[in-house]
Amino acid sequence: MAKNTPSKLKARLPRGFVDRSAADIRATEAMLAKIREVYERYGFDPVETPAFEYTDCLGKFLPDTDRPNAGVFSVQDDDEQWMSLRYDLTAPLARHVAENINEIQLPFRSYRAGWVFRNEKPGPGRFRQFMQFDADSVGAPGVQADAEMCMMMADTMEALGIPRGSYVIRVNNRKVLDGILEAGGVTDSEQKLAVLRAIDKLDKFGEEGVALLLGEGRKDESGDFTKGAGLDSAQIQKVLTAVFINKIAIDYASDETASEAEKSSFNNPPDAKGYLSNRLLCHALLVNADEGGIPLEGYQELSQIADLVDAAGYGPDRIKIDPSVVRGLEYYTGPVYEAELLFDVTNEKGEVVQFGSVGGGGRYDGLVKRFTGRDVPATGFSIGVSRLMSALKNLKKLQADEVVAPVLVTVMDGDTESLARYQKMTQELRAAGIRAEMYQGNWKKFGNQLKYADRRGCPLAIIQGGDERAEGTVQIKDLIEGKRLSGEIADNVTWRESRPAQVSIPEADIVATVRRMLAEQAEDRARQDGDAGAAQ
RNA sequence: GCAGACGUAGCUCAGUUGGUUAGAGCGUCGGAUUGUGGCUCCGAAGGUCGUUGGUUCAACUCCAACCGUCUGUACCA
(Lines give C-alpha, C1' and ligand atoms only; values in the text may rest on other atoms or scores of the structure.)
Protein backbone atom coordinates (compact mmCIF):
# COMPACT_ATOMS: atom_id res chain seq x y z
CA MET A 1 0.00 0.00 0.00
CA ALA A 2 1.41 3.33 -0.99
CA LYS A 3 1.96 6.01 1.57
CA ASN A 4 -0.87 8.46 1.38
CA THR A 5 1.36 11.32 2.49
CA PRO A 6 4.45 10.87 0.32
CA SER A 7 5.78 14.40 0.75
CA LYS A 8 4.79 15.23 4.29
CA LEU A 9 6.09 18.66 5.23
CA LYS A 10 8.54 18.62 8.08
CA ALA A 11 7.70 21.05 10.86
CA ARG A 12 10.89 22.71 11.94
CA LEU A 13 11.98 25.85 13.72
CA PRO A 14 14.77 27.88 12.10
CA ARG A 15 17.94 27.47 14.09
CA GLY A 16 18.71 30.20 16.56
CA PHE A 17 15.02 30.97 17.07
CA VAL A 18 12.71 29.79 19.85
CA ASP A 19 9.01 29.43 20.47
CA ARG A 20 7.98 30.98 23.74
CA SER A 21 5.75 29.24 26.27
CA ALA A 22 3.03 30.83 28.36
CA ALA A 23 5.32 30.79 31.39
CA ASP A 24 8.15 32.46 29.45
CA ILE A 25 5.88 35.14 28.10
CA ARG A 26 4.40 35.90 31.49
CA ALA A 27 7.84 36.04 33.09
CA THR A 28 9.06 38.36 30.35
CA GLU A 29 6.03 40.62 30.71
CA ALA A 30 6.61 40.82 34.45
CA MET A 31 10.25 41.76 33.91
CA LEU A 32 9.39 44.37 31.31
CA ALA A 33 6.87 45.93 33.66
CA LYS A 34 9.48 46.28 36.40
CA ILE A 35 12.06 47.77 34.05
CA ARG A 36 9.50 50.13 32.56
CA GLU A 37 8.54 51.38 35.99
CA VAL A 38 12.11 52.43 36.71
CA TYR A 39 12.54 54.16 33.35
CA GLU A 40 9.24 56.00 33.75
CA ARG A 41 10.26 57.16 37.20
CA TYR A 42 13.42 58.66 35.71
CA GLY A 43 11.23 60.64 33.33
CA PHE A 44 11.64 58.64 30.13
CA ASP A 45 8.79 58.19 27.64
CA PRO A 46 8.16 55.25 25.31
CA VAL A 47 8.94 55.48 21.59
CA GLU A 48 8.89 52.57 19.19
CA THR A 49 10.46 52.04 15.80
CA PRO A 50 9.79 49.17 13.37
CA ALA A 51 11.78 45.94 13.06
CA PHE A 52 12.91 46.81 9.53
CA GLU A 53 15.07 49.74 8.50
CA TYR A 54 16.80 50.65 5.29
CA THR A 55 20.16 48.98 5.55
CA ASP A 56 22.23 52.12 5.09
CA CYS A 57 20.50 53.69 8.12
CA LEU A 58 21.55 50.84 10.37
CA GLY A 59 25.24 51.41 10.06
CA LYS A 60 28.24 49.53 8.91
CA PHE A 61 26.61 46.45 7.44
CA LEU A 62 25.94 47.34 3.85
CA PRO A 63 25.06 44.15 2.03
CA ASP A 64 27.88 43.21 -0.24
CA THR A 65 27.29 41.07 -3.27
CA ASP A 66 29.03 38.02 -1.85
CA ARG A 67 27.26 37.73 1.47
CA PRO A 68 24.34 40.16 1.66
CA ASN A 69 23.15 38.57 4.89
CA ALA A 70 26.38 38.44 6.85
CA GLY A 71 25.61 39.55 10.37
CA VAL A 72 22.20 40.99 9.58
CA PHE A 73 19.11 39.62 7.89
CA SER A 74 18.57 41.65 4.76
CA VAL A 75 16.04 41.64 1.95
CA GLN A 76 15.50 43.79 -1.11
CA ASP A 77 12.33 45.86 -1.34
CA ASP A 78 10.25 46.09 -4.55
CA ASP A 79 12.33 49.05 -5.63
CA GLU A 80 15.51 47.06 -4.99
CA GLN A 81 16.52 49.07 -1.96
CA TRP A 82 18.14 46.95 0.72
CA MET A 83 16.27 46.65 4.01
CA SER A 84 17.48 44.88 7.15
CA LEU A 85 16.04 43.62 10.38
CA ARG A 86 17.42 45.84 13.14
CA TYR A 87 20.30 44.34 15.13
CA ASP A 88 19.99 46.78 18.01
CA LEU A 89 17.65 49.58 19.10
CA THR A 90 20.17 52.41 19.11
CA ALA A 91 20.75 52.92 15.41
CA PRO A 92 16.98 52.99 14.68
CA LEU A 93 16.51 55.56 17.45
CA ALA A 94 19.20 57.75 15.91
CA ARG A 95 17.35 57.50 12.60
CA HIS A 96 14.05 58.40 14.28
CA VAL A 97 15.50 61.42 16.01
CA ALA A 98 17.31 62.62 12.90
CA GLU A 99 14.20 62.24 10.77
CA ASN A 100 12.07 64.18 13.25
CA ILE A 101 14.71 66.52 14.54
CA ASN A 102 12.55 69.59 13.96
CA GLU A 103 9.61 68.28 15.98
CA ILE A 104 11.54 66.67 18.80
CA GLN A 105 12.33 68.73 21.84
CA LEU A 106 15.90 68.05 22.90
CA PRO A 107 17.03 66.69 25.24
CA PHE A 108 14.86 63.75 24.25
CA ARG A 109 14.47 61.04 26.87
CA SER A 110 12.92 57.85 25.58
CA TYR A 111 12.77 54.10 26.14
CA ARG A 112 11.69 51.08 24.10
CA ALA A 113 11.62 47.31 24.32
CA GLY A 114 11.81 45.23 21.21
CA TRP A 115 13.09 42.22 19.35
CA VAL A 116 16.38 42.53 17.54
CA PHE A 117 17.90 40.10 15.06
CA ARG A 118 21.43 38.97 14.36
CA ASN A 119 22.37 36.55 11.67
CA GLU A 120 25.21 34.77 13.35
CA LYS A 121 25.99 31.39 14.83
CA PRO A 122 23.62 30.62 17.70
CA GLY A 123 24.89 28.99 20.86
CA PRO A 124 23.61 28.17 24.30
CA GLY A 125 21.87 31.32 25.51
CA ARG A 126 22.60 33.04 22.20
CA PHE A 127 19.76 33.44 19.78
CA ARG A 128 19.21 35.07 16.44
CA GLN A 129 16.17 36.88 17.78
CA PHE A 130 16.27 38.34 21.25
CA MET A 131 14.78 41.17 23.23
CA GLN A 132 16.44 44.36 24.34
CA PHE A 133 15.10 47.14 26.51
CA ASP A 134 16.79 50.49 25.85
CA ALA A 135 16.77 53.94 27.35
CA ASP A 136 18.46 56.94 25.73
CA SER A 137 19.00 60.64 26.29
CA VAL A 138 19.51 62.40 22.98
CA GLY A 139 20.82 65.96 23.06
CA ALA A 140 22.45 65.56 26.45
CA PRO A 141 26.12 66.48 26.15
CA GLY A 142 27.34 66.32 29.75
CA VAL A 143 28.71 63.38 31.69
CA GLN A 144 25.89 63.93 34.17
CA ALA A 145 23.67 62.23 31.58
CA ASP A 146 26.02 59.24 31.57
CA ALA A 147 26.14 59.15 35.34
CA GLU A 148 22.34 59.13 35.38
CA MET A 149 22.29 56.16 32.99
CA CYS A 150 24.59 54.20 35.29
CA MET A 151 22.40 54.92 38.29
CA MET A 152 19.28 53.96 36.38
CA MET A 153 20.88 50.67 35.37
CA ALA A 154 21.74 49.96 38.98
CA ASP A 155 18.19 50.78 40.08
CA THR A 156 16.81 48.54 37.36
CA MET A 157 18.91 45.60 38.52
CA GLU A 158 17.57 46.01 42.02
CA ALA A 159 13.99 46.46 40.80
CA LEU A 160 14.36 43.09 39.13
CA GLY A 161 15.20 41.54 42.47
CA ILE A 162 18.97 41.27 42.04
CA PRO A 163 20.34 42.12 45.48
CA ARG A 164 22.98 44.77 45.96
CA GLY A 165 26.36 43.08 45.75
CA SER A 166 25.11 40.56 43.17
CA TYR A 167 25.57 42.96 40.28
CA VAL A 168 27.85 45.83 39.43
CA ILE A 169 27.78 48.55 36.80
CA ARG A 170 31.30 48.94 35.46
CA VAL A 171 32.21 52.23 33.84
CA ASN A 172 35.01 53.24 31.53
CA ASN A 173 35.56 55.85 28.87
CA ARG A 174 36.35 55.22 25.25
CA LYS A 175 38.68 58.23 25.37
CA VAL A 176 40.73 56.45 28.02
CA LEU A 177 41.31 53.46 25.78
CA ASP A 178 42.09 55.72 22.82
CA GLY A 179 44.53 57.67 24.95
CA ILE A 180 46.32 54.56 26.12
CA LEU A 181 46.68 53.31 22.55
CA GLU A 182 47.90 56.68 21.37
CA ALA A 183 50.47 56.92 24.14
CA GLY A 184 51.55 53.34 23.40
CA GLY A 185 52.22 54.28 19.81
CA VAL A 186 49.44 52.05 18.44
CA THR A 187 48.14 53.94 15.43
CA ASP A 188 47.22 51.24 12.93
CA SER A 189 43.43 50.79 13.07
CA GLU A 190 43.63 47.02 12.64
CA GLN A 191 46.07 46.84 15.50
CA LYS A 192 43.88 49.07 17.64
CA LEU A 193 40.95 46.73 17.15
CA ALA A 194 43.10 43.74 18.00
CA VAL A 195 44.19 45.41 21.24
CA LEU A 196 40.63 46.24 22.25
CA ARG A 197 39.50 42.69 21.50
CA ALA A 198 42.35 41.33 23.59
CA ILE A 199 41.40 43.51 26.56
CA ASP A 200 37.79 42.38 26.21
CA LYS A 201 38.89 38.78 26.71
CA LEU A 202 40.03 39.34 30.29
CA ASP A 203 37.16 37.45 31.91
CA LYS A 204 37.65 34.58 29.49
CA PHE A 205 41.40 34.05 29.39
CA GLY A 206 42.75 36.00 32.36
CA GLU A 207 45.58 38.47 32.36
CA GLU A 208 48.16 36.04 30.92
CA GLY A 209 45.85 35.24 28.05
CA VAL A 210 45.32 38.92 27.35
CA ALA A 211 49.08 39.51 27.43
CA LEU A 212 49.56 36.73 24.84
CA LEU A 213 46.85 38.19 22.64
CA LEU A 214 48.44 41.62 22.87
CA GLY A 215 51.71 40.10 21.70
CA GLU A 216 52.25 37.24 19.25
CA GLY A 217 49.03 35.38 19.82
CA ARG A 218 47.49 32.58 21.78
CA LYS A 219 46.87 28.91 21.21
CA ASP A 220 43.65 27.45 22.65
CA GLU A 221 43.22 23.93 24.00
CA SER A 222 42.14 22.54 20.65
CA GLY A 223 45.43 23.79 19.20
CA ASP A 224 43.77 26.55 17.22
CA PHE A 225 45.99 29.60 17.05
CA THR A 226 44.64 33.12 17.41
CA LYS A 227 46.86 35.80 15.98
CA GLY A 228 47.70 38.56 18.44
CA ALA A 229 47.97 42.31 18.17
CA GLY A 230 51.73 42.14 17.76
CA LEU A 231 52.73 44.69 20.38
CA ASP A 232 56.25 44.60 21.81
CA SER A 233 56.76 43.81 25.46
CA ALA A 234 57.13 47.45 26.53
CA GLN A 235 53.83 48.33 24.85
CA ILE A 236 52.13 45.30 26.37
CA GLN A 237 53.29 46.34 29.79
CA LYS A 238 52.05 49.87 29.28
CA VAL A 239 48.60 48.74 28.16
CA LEU A 240 48.24 46.17 30.93
CA THR A 241 49.28 48.66 33.59
CA ALA A 242 46.88 51.32 32.38
CA VAL A 243 43.96 49.02 31.85
CA PHE A 244 44.17 46.71 34.80
CA ILE A 245 45.20 49.31 37.33
CA ASN A 246 42.48 48.52 39.83
CA LYS A 247 43.51 44.90 39.75
CA ILE A 248 47.19 45.64 40.12
CA ALA A 249 47.22 48.51 42.58
CA ILE A 250 44.27 47.96 44.83
CA ASP A 251 44.04 51.01 46.96
CA TYR A 252 41.57 50.80 49.77
CA ALA A 253 40.08 53.91 51.21
CA SER A 254 40.38 54.60 54.88
CA ASP A 255 37.44 55.67 57.00
CA GLU A 256 38.63 59.27 57.22
CA THR A 257 38.55 59.81 53.48
CA ALA A 258 35.45 57.75 52.66
CA SER A 259 32.27 59.35 51.47
CA GLU A 260 28.87 58.31 52.79
CA ALA A 261 28.25 56.22 49.68
CA GLU A 262 31.54 54.43 50.13
CA LYS A 263 30.92 53.83 53.77
CA SER A 264 27.54 52.32 52.97
CA SER A 265 29.26 49.86 50.66
CA PHE A 266 31.71 48.83 53.36
CA ASN A 267 31.83 45.08 53.91
CA ASN A 268 29.80 44.51 50.85
CA PRO A 269 30.50 41.90 49.55
CA PRO A 270 30.39 40.49 53.10
CA ASP A 271 33.95 39.25 53.52
CA ALA A 272 35.66 42.25 51.96
CA LYS A 273 38.22 43.93 54.19
CA GLY A 274 37.69 47.35 52.71
CA TYR A 275 36.52 48.91 49.54
CA LEU A 276 37.93 50.51 46.51
CA SER A 277 37.06 54.15 46.28
CA ASN A 278 36.00 55.30 42.83
CA ARG A 279 37.20 58.80 43.63
CA LEU A 280 40.62 57.66 44.87
CA LEU A 281 40.93 55.28 41.97
CA CYS A 282 40.26 58.11 39.51
CA HIS A 283 42.86 60.21 41.28
CA ALA A 284 45.40 57.41 40.90
CA LEU A 285 44.44 56.96 37.27
CA LEU A 286 44.99 60.63 36.55
CA VAL A 287 48.40 60.64 38.21
CA ASN A 288 49.44 57.46 36.40
CA ALA A 289 48.19 58.72 33.07
CA ASP A 290 50.01 61.99 33.50
CA GLU A 291 53.25 60.15 34.20
CA GLY A 292 52.68 57.76 31.30
CA GLY A 293 52.03 60.56 28.85
CA ILE A 294 48.44 59.48 28.27
CA PRO A 295 45.86 62.16 27.37
CA LEU A 296 43.84 63.10 30.45
CA GLU A 297 40.41 64.00 29.09
CA GLY A 298 38.88 60.54 29.46
CA TYR A 299 40.16 60.21 32.99
CA GLN A 300 38.76 63.60 33.92
CA GLU A 301 35.34 62.54 32.68
CA LEU A 302 35.54 59.31 34.64
CA SER A 303 36.48 61.31 37.70
CA GLN A 304 33.39 63.51 37.24
CA ILE A 305 31.17 60.47 36.95
CA ALA A 306 32.72 59.09 40.11
CA ASP A 307 31.92 62.31 41.96
CA LEU A 308 28.37 62.47 40.59
CA VAL A 309 27.34 58.94 41.47
CA ASP A 310 29.09 59.16 44.81
CA ALA A 311 27.20 62.33 45.70
CA ALA A 312 23.93 60.59 44.80
CA GLY A 313 24.77 57.79 47.21
CA TYR A 314 25.84 55.11 44.73
CA GLY A 315 28.90 53.42 46.16
CA PRO A 316 31.47 51.32 44.31
CA ASP A 317 29.50 48.22 45.22
CA ARG A 318 26.94 49.39 42.66
CA ILE A 319 28.81 51.53 40.17
CA LYS A 320 32.51 50.90 39.73
CA ILE A 321 35.06 52.72 37.61
CA ASP A 322 36.98 50.07 35.70
CA PRO A 323 39.40 50.91 32.85
CA SER A 324 39.19 47.37 31.44
CA VAL A 325 35.64 47.77 30.14
CA VAL A 326 35.69 47.75 26.34
CA ARG A 327 32.06 47.49 25.16
CA GLY A 328 31.73 47.00 21.44
CA LEU A 329 34.01 48.59 18.92
CA GLU A 330 31.90 50.81 16.77
CA TYR A 331 30.14 53.98 17.63
CA TYR A 332 30.91 54.80 21.25
CA THR A 333 32.70 58.10 21.72
CA GLY A 334 32.87 58.70 25.48
CA PRO A 335 31.78 56.97 28.66
CA VAL A 336 30.84 53.30 28.28
CA TYR A 337 29.23 51.12 30.91
CA GLU A 338 28.02 47.60 31.36
CA ALA A 339 26.03 45.64 33.90
CA GLU A 340 27.58 42.44 35.13
CA LEU A 341 26.14 39.76 37.38
CA LEU A 342 28.36 38.62 40.22
CA PHE A 343 26.66 35.35 41.12
CA ASP A 344 27.29 32.01 39.44
CA VAL A 345 24.90 31.10 36.69
CA THR A 346 24.41 27.41 36.00
CA ASN A 347 22.86 25.89 32.90
CA GLU A 348 20.33 23.03 32.66
CA LYS A 349 23.14 20.54 33.12
CA GLY A 350 24.18 22.21 36.36
CA GLU A 351 27.44 23.55 34.98
CA VAL A 352 28.61 27.06 35.84
CA VAL A 353 28.65 29.10 32.66
CA GLN A 354 30.47 32.29 31.67
CA PHE A 355 27.66 34.76 31.69
CA GLY A 356 29.20 38.04 30.67
CA SER A 357 27.26 41.26 30.72
CA VAL A 358 23.48 41.50 30.81
CA GLY A 359 23.36 45.02 29.50
CA GLY A 360 25.46 47.98 28.58
CA GLY A 361 25.72 51.18 26.70
CA GLY A 362 27.56 54.41 26.38
CA ARG A 363 27.85 57.74 24.69
CA TYR A 364 27.40 57.86 20.93
CA ASP A 365 27.85 61.47 19.89
CA GLY A 366 28.32 60.73 16.21
CA LEU A 367 25.31 58.57 15.45
CA VAL A 368 22.66 61.24 14.81
CA LYS A 369 25.17 63.49 13.12
CA ARG A 370 25.53 60.93 10.35
CA PHE A 371 22.04 61.95 9.24
CA THR A 372 21.78 65.60 10.21
CA GLY A 373 25.33 66.82 9.87
CA ARG A 374 24.91 68.67 13.09
CA ASP A 375 26.17 67.64 16.49
CA VAL A 376 23.56 65.79 18.51
CA PRO A 377 25.25 64.20 21.51
CA ALA A 378 23.52 61.18 22.98
CA THR A 379 23.95 58.48 25.56
CA GLY A 380 21.95 55.40 26.39
CA PHE A 381 22.00 51.78 27.36
CA SER A 382 20.41 48.50 26.58
CA ILE A 383 19.37 45.60 28.76
CA GLY A 384 19.50 42.11 27.29
CA VAL A 385 16.10 40.95 28.48
CA SER A 386 16.41 37.39 27.19
CA ARG A 387 19.85 36.87 28.71
CA LEU A 388 18.89 38.46 31.97
CA MET A 389 15.83 36.27 32.18
CA SER A 390 17.82 33.06 32.00
CA ALA A 391 20.05 34.37 34.76
CA LEU A 392 17.09 35.35 36.91
CA LYS A 393 15.57 31.90 36.50
CA ASN A 394 18.67 30.76 38.28
CA LEU A 395 18.33 33.24 41.07
CA LYS A 396 14.67 32.22 41.40
CA LYS A 397 13.75 35.87 41.10
CA LEU A 398 11.39 35.29 38.24
CA GLN A 399 7.79 36.16 38.78
CA ALA A 400 6.74 32.98 40.57
CA ASP A 401 3.05 33.54 41.14
CA GLU A 402 1.75 31.18 38.51
CA VAL A 403 -1.40 32.05 36.71
CA VAL A 404 -4.05 29.61 37.87
CA ALA A 405 -5.61 27.58 35.05
CA PRO A 406 -9.29 28.19 34.34
CA VAL A 407 -12.18 26.52 36.11
CA LEU A 408 -13.57 23.88 33.75
CA VAL A 409 -17.30 23.70 33.16
CA THR A 410 -17.82 20.12 31.97
CA VAL A 411 -20.41 19.10 29.41
CA MET A 412 -22.70 16.17 30.15
CA ASP A 413 -25.34 16.69 27.48
CA GLY A 414 -24.67 18.00 24.01
CA ASP A 415 -28.10 19.31 23.00
CA THR A 416 -28.28 23.00 22.37
CA GLU A 417 -30.42 23.73 25.39
CA SER A 418 -27.94 22.02 27.72
CA LEU A 419 -24.94 23.60 26.03
CA ALA A 420 -26.59 26.99 26.51
CA ARG A 421 -26.88 26.28 30.24
CA TYR A 422 -23.20 25.34 30.51
CA GLN A 423 -22.23 28.37 28.51
CA LYS A 424 -24.27 30.60 30.80
CA MET A 425 -22.55 29.16 33.91
CA THR A 426 -19.20 29.82 32.28
CA GLN A 427 -20.11 33.41 31.48
CA GLU A 428 -21.33 34.00 35.01
CA LEU A 429 -17.97 32.89 36.35
CA ARG A 430 -16.17 35.10 33.86
CA ALA A 431 -18.40 38.04 34.72
CA ALA A 432 -17.34 37.54 38.33
CA GLY A 433 -13.70 37.83 37.24
CA ILE A 434 -12.94 34.12 37.47
CA ARG A 435 -10.98 32.41 34.69
CA ALA A 436 -13.33 29.79 33.29
CA GLU A 437 -13.91 27.74 30.20
CA MET A 438 -16.48 25.27 28.94
CA TYR A 439 -15.13 21.97 27.63
CA GLN A 440 -14.82 22.26 23.88
CA GLY A 441 -13.65 18.76 22.98
CA ASN A 442 -15.72 15.63 22.46
CA TRP A 443 -18.13 15.84 25.39
CA LYS A 444 -19.29 12.24 25.03
CA LYS A 445 -16.19 10.92 26.82
CA PHE A 446 -16.65 12.38 30.23
CA GLY A 447 -13.47 10.82 31.58
CA ASN A 448 -11.51 12.72 28.97
CA GLN A 449 -12.94 15.99 30.22
CA LEU A 450 -11.51 15.44 33.69
CA LYS A 451 -8.28 14.13 32.20
CA TYR A 452 -8.07 17.34 30.20
CA ALA A 453 -8.78 19.42 33.30
CA ASP A 454 -6.13 17.50 35.23
CA ARG A 455 -3.40 17.96 32.64
CA ARG A 456 -4.31 21.57 32.09
CA GLY A 457 -3.97 22.14 35.81
CA CYS A 458 -7.56 23.28 36.30
CA PRO A 459 -8.26 23.94 39.97
CA LEU A 460 -11.97 23.06 39.87
CA ALA A 461 -14.43 21.31 37.62
CA ILE A 462 -18.14 22.09 37.49
CA ILE A 463 -20.36 19.12 36.77
CA GLN A 464 -24.07 19.14 36.04
CA GLY A 465 -25.77 16.12 34.50
CA GLY A 466 -29.46 15.27 34.31
CA ASP A 467 -29.66 14.22 37.98
CA GLU A 468 -28.17 17.46 39.28
CA ARG A 469 -30.24 19.55 36.95
CA ALA A 470 -33.45 17.88 38.12
CA GLU A 471 -32.69 18.97 41.66
CA GLY A 472 -31.25 22.37 40.73
CA THR A 473 -27.71 21.62 41.92
CA VAL A 474 -24.20 21.33 40.51
CA GLN A 475 -21.19 19.32 41.64
CA ILE A 476 -17.95 21.15 42.16
CA LYS A 477 -14.89 18.94 42.12
CA ASP A 478 -11.67 20.10 43.74
CA LEU A 479 -9.12 18.63 41.36
CA ILE A 480 -6.14 19.56 43.52
CA GLU A 481 -7.51 17.90 46.63
CA GLY A 482 -8.75 14.98 44.54
CA LYS A 483 -5.27 14.42 43.16
CA ARG A 484 -3.92 14.30 46.68
CA LEU A 485 -6.53 11.72 47.68
CA SER A 486 -5.71 9.57 44.67
CA GLY A 487 -2.57 8.44 46.41
CA GLU A 488 -4.63 6.77 49.12
CA ILE A 489 -6.93 4.81 46.82
CA ALA A 490 -5.48 1.86 44.94
CA ASP A 491 -8.62 0.40 43.44
CA ASN A 492 -10.01 2.21 40.44
CA VAL A 493 -13.66 1.28 41.02
CA THR A 494 -13.51 2.76 44.52
CA TRP A 495 -11.66 5.77 43.17
CA ARG A 496 -14.41 6.44 40.67
CA GLU A 497 -17.35 5.76 42.87
CA SER A 498 -16.12 7.69 45.88
CA ARG A 499 -16.00 10.86 43.79
CA PRO A 500 -13.30 12.37 45.99
CA ALA A 501 -13.16 16.06 46.89
CA GLN A 502 -16.53 16.75 45.36
CA VAL A 503 -19.34 18.85 46.78
CA SER A 504 -22.93 19.31 45.73
CA ILE A 505 -24.32 22.86 45.96
CA PRO A 506 -27.39 24.74 44.77
CA GLU A 507 -26.95 26.03 41.24
CA ALA A 508 -27.44 29.61 42.43
CA ASP A 509 -24.33 29.37 44.62
CA ILE A 510 -21.80 28.52 41.90
CA VAL A 511 -19.96 31.83 41.81
CA ALA A 512 -19.77 32.24 45.58
CA THR A 513 -18.64 28.64 46.14
CA VAL A 514 -16.06 28.69 43.36
CA ARG A 515 -14.68 31.92 44.69
CA ARG A 516 -14.41 30.49 48.20
CA MET A 517 -12.77 27.25 47.05
CA LEU A 518 -10.25 29.09 44.88
CA ALA A 519 -9.36 31.30 47.83
CA GLU A 520 -8.81 28.22 49.99
CA GLN A 521 -6.55 26.69 47.37
CA ALA A 522 -4.58 29.93 47.15
CA GLU A 523 -4.09 29.86 50.92
CA ASP A 524 -2.83 26.29 50.70
CA ARG A 525 -0.36 27.25 48.01
CA ALA A 526 0.87 30.22 50.00
CA ARG A 527 1.32 28.01 53.07
CA GLN A 528 3.27 25.43 51.08
CA ASP A 529 5.49 28.08 49.53
CA GLY A 530 6.09 29.45 53.00
CA ASP A 531 7.04 26.01 54.31
CA ALA A 532 9.33 25.41 51.38
CA GLY A 533 10.92 28.80 51.91
CA ALA A 534 11.44 28.15 55.61
CA ALA A 535 12.96 24.76 54.91
CA GLN A 536 15.63 26.18 52.66
C1' G B 1 34.28 31.27 9.34
C1' C B 2 37.89 27.25 11.43
C1' A B 3 38.57 22.48 14.28
C1' G B 4 36.55 18.20 16.64
C1' A B 5 32.48 14.87 18.31
C1' C B 6 27.78 13.12 17.24
C1' G B 7 22.99 12.00 14.14
C1' U B 8 18.49 4.90 15.18
C1' A B 9 10.38 5.87 17.17
C1' G B 10 7.53 12.11 19.90
C1' C B 11 11.65 11.69 24.17
C1' U B 12 16.01 8.88 26.44
C1' C B 13 18.90 5.24 24.48
C1' A B 14 20.16 -0.29 22.94
C1' G B 15 21.83 -2.86 18.51
C1' U B 16 24.84 -4.55 13.99
C1' U B 17 33.15 -8.12 12.61
C1' G B 18 28.33 -5.77 6.47
C1' G B 19 23.62 -10.96 6.15
C1' U B 20 16.28 -12.51 6.54
C1' U B 21 11.30 -9.15 9.63
C1' A B 22 15.79 -2.85 13.66
C1' G B 23 14.51 -3.28 19.79
C1' A B 24 13.50 -1.40 25.07
C1' G B 25 11.76 2.18 28.62
C1' C B 26 8.96 6.52 28.84
C1' G B 27 5.23 9.18 26.22
C1' U B 28 0.78 9.00 22.77
C1' C B 29 -3.85 6.61 21.36
C1' G B 30 -7.73 2.67 22.19
C1' G B 31 -9.95 -0.92 25.60
C1' A B 32 -11.03 -3.16 30.66
C1' U B 33 -14.42 1.48 32.94
C1' U B 34 -20.81 4.37 27.35
C1' G B 35 -21.66 9.98 34.65
C1' U B 36 -15.54 10.96 37.13
C1' G B 37 -8.50 12.44 36.63
C1' G B 38 -4.66 8.78 39.52
C1' C B 39 -3.02 3.33 40.01
C1' U B 40 -3.14 -1.56 37.50
C1' C B 41 -3.84 -4.81 33.31
C1' C B 42 -4.56 -5.72 27.89
C1' G B 43 -3.84 -3.86 22.97
C1' A B 44 -2.38 -0.49 18.96
C1' A B 45 -0.09 3.23 16.25
C1' G B 46 4.57 5.30 15.42
C1' G B 47 11.28 4.27 11.83
C1' U B 48 12.95 4.58 3.73
C1' C B 49 18.41 4.03 11.08
C1' G B 50 19.84 12.76 9.12
C1' U B 51 19.99 13.42 3.27
C1' U B 52 22.21 12.18 -1.37
C1' G B 53 25.66 9.48 -3.94
C1' G B 54 29.56 5.55 -4.01
C1' U B 55 31.85 0.44 -2.79
C1' U B 56 29.43 -4.56 -2.39
C1' C B 57 25.82 -10.45 -4.19
C1' A B 58 24.05 -7.62 0.16
C1' A B 59 24.78 -1.08 3.71
C1' C B 60 21.44 1.14 9.55
C1' U B 61 26.78 -0.68 9.62
C1' C B 62 32.24 0.92 5.15
C1' C B 63 33.59 5.61 2.06
C1' A B 64 32.47 10.75 0.27
C1' A B 65 29.73 15.12 0.05
C1' C B 66 25.89 17.82 2.09
C1' C B 67 22.40 19.03 6.14
C1' G B 68 21.62 19.32 11.35
C1' U B 69 23.08 19.18 16.69
C1' C B 70 26.83 19.82 20.40
C1' U B 71 31.85 21.53 22.17
C1' G B 72 36.01 24.77 21.53
C1' U B 73 37.61 29.02 18.77
C1' A B 74 36.96 33.50 15.59
C1' C B 75 33.48 37.50 14.80
C1' C B 76 29.79 40.13 17.61
C1' A B 77 26.85 46.60 16.02
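Because only heavy atoms are used, hydrogens play no part in the values below, and waters and symmetry mates are left out as well, while side chains stay in. Below, chains carry the letters A, B, ... as their sequence lines are ordered, and counting in each starts from 1. If you're wondering where the values come from, they're calculated on a predicted model, not measured in any experiment.
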Most 5' of A:Gly487 and A:Lys444 on RNA chain B, judged by nearest nucleotide: A:Lys444

Between [X] and [Y], is there a side-chain N and carboxylate O pair less than 4.0 Å apart?
| X | Y | result |
| --- | --- | --- |
| A:Arg109 | A:Glu148 | yes |
| A:Arg527 | A:Asp524 | yes |
| A:Arg128 | A:Glu120 | no |

Taking only side-chain nitrogens and oxygens of [X], does any of them come within less than 4.0 Å of OP1 or OP2 of [N]?
| X | N | answer |
| --- | --- | --- |
| A:Arg455 | B:rU28 | yes |
| A:Arg197 | B:rC76 | yes |
| A:Trp495 | B:rC39 | no |
| A:Lys445 | B:rG31 | yes |
| A:Lys121 | B:rG68 | no |

What's [X] touching, base or sugar-phosphate or nothing? Going by heavy atoms closer than 4.0 Å.
| X | answer |
| --- | --- |
| A:Gly465 | base |
| A:Lys227 | nothing |
| A:Asn492 | base |
| A:Gln464 | nothing |
| A:Asp200 | nothing |

Would you please indicate yes or no on a ring centroid separation below 6.0 angstrom for A:Tyr39 and A:Phe133? yes

When the C1' atoms of B:rG25 and B:rU21 are considered, how many whole Å apart are they? 22 Å

Near-parallel close stack of A:Tyr87 and B:rA77 base (under 5.5 Å, under 30°): yes

Assess whether one donor atom and one acceptor atom, taken from the side chain of A:Gln502 and the base of B:rU36, lie less than 3.5 Å apart. yes

